[in-house]
Amino acid sequence: AKNLIGDLQVASANRLVDGMVVWLDEAGQWTDRLERAAVARDARGAEILLERARAEGFAVIDPFLVAVTE
């Protein structure tokens, strides 16, 4: 299930070539390592992060936000 509730959020998607779960990092690259994911710390940051994920979505399908804890 996609969890959209939480103070900290990361952008996730599935990579097109193999279906693997990936995370958007600060450089706008998709990584398979959650600890490298860019973290949004408020609602506006989450909106921006999701916009970035959609803009970098050529190699993934259906980017979405996931709540995380540190």
Side-chain angles (χ1 to χ4, degrees):
K2 297 176 184 179
N3 184 356
L4 301 177
I5 300 171
D7 292 333
L8 304 178
Q9 296 191 45
V10 296
S12 181
N14 292 89
R15 197 165 41 205
L16 287 174
V17 296
D18 58 7
M20 185 168 197
V21 174
V22 290
W23 315 93
L24 190 68
D25 69 14
E26 289 291 342
Q29 302 295 311
W30 293 99
T31 178
D32 59 0
R33 301 192 54 189
L34 177 57
E35 65 272 12
R36 292 186 180 169
V39 178
R41 300 187 178 278
D42 58 30
R44 180 64 184 137
E47 290 175 20
I48 292 168
L49 183 60
L50 185 56
E51 289 174 17
R52 287 182 56 214
R54 289 178 176 154
E56 298 295 338
F58 59 89
V60 299
I61 187 165
D62 194 26
F64 59 94
L65 297 174
V66 178
V68 295
T69 58
E70 287 186 291

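Keep in mind that what you see is a predicted model, and the values were worked out from it rather than measured. Any value given below was found using the heavy atoms of this structure, including those in side chains, with hydrogens, waters and symmetry copies removed.
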Is any side-chain heavy atom of Q9 less than 4.5 Å from a side-chain heavy atom of V68?
-> no
Check: R36 main-chain N/O paired with T31 side-chain donor or acceptor under 3.5 Å | no
What's the spacing between L49 CG and R41 CZ if we round to 0.5 Å?
-> 11.5 Å
Linking I/L/V/M/F/W/Y whenever their side-chain heavy atoms sit closer than 4.5 Å, directly or via other members, would V10 and I48 fall into one cluster?
-> no
About how many Å separate CG of D25 and CZ of R33, when rounded to the nearest 0.5 Å?
-> 11.5 Å
Over all heavy atoms of both residues, which pair between A13 and P63 is shortest? Give the atoms and the distance, please.
-> CB-CA, 3.8 Å
The reported gap from OG in S12 to CG in D62 (rounded to nearest 0.5 angstrom) is 9.5 Å
Passes side chain to side chain contact (heavy atoms under 4.5 Å, CB included), W23 versus V21? Steps please.
-> CA-CA 7 Å; W23 315 93; V21 174; 3.7 Å; yes
Quick check: does any side chain N or O of W30 sit under 3.5 Å from a backbone N or O of E56, one acting as donor and the other as acceptor?
-> yes
Transitively linked via ILVMFWY side-chain contacts under 4.5 Å: L16 with M20?
-> no
Show your working on side chain to side chain contact (heavy atoms under 4.5 Å, CB included) between T69 and L8 and close with a plain yes or no.
-> CA-CA 6 Å; T69 58; L8 304 178; 5.7 Å; no
Salt bridge or not for E51 and R54, using N-O below 4.0 Å?
-> no
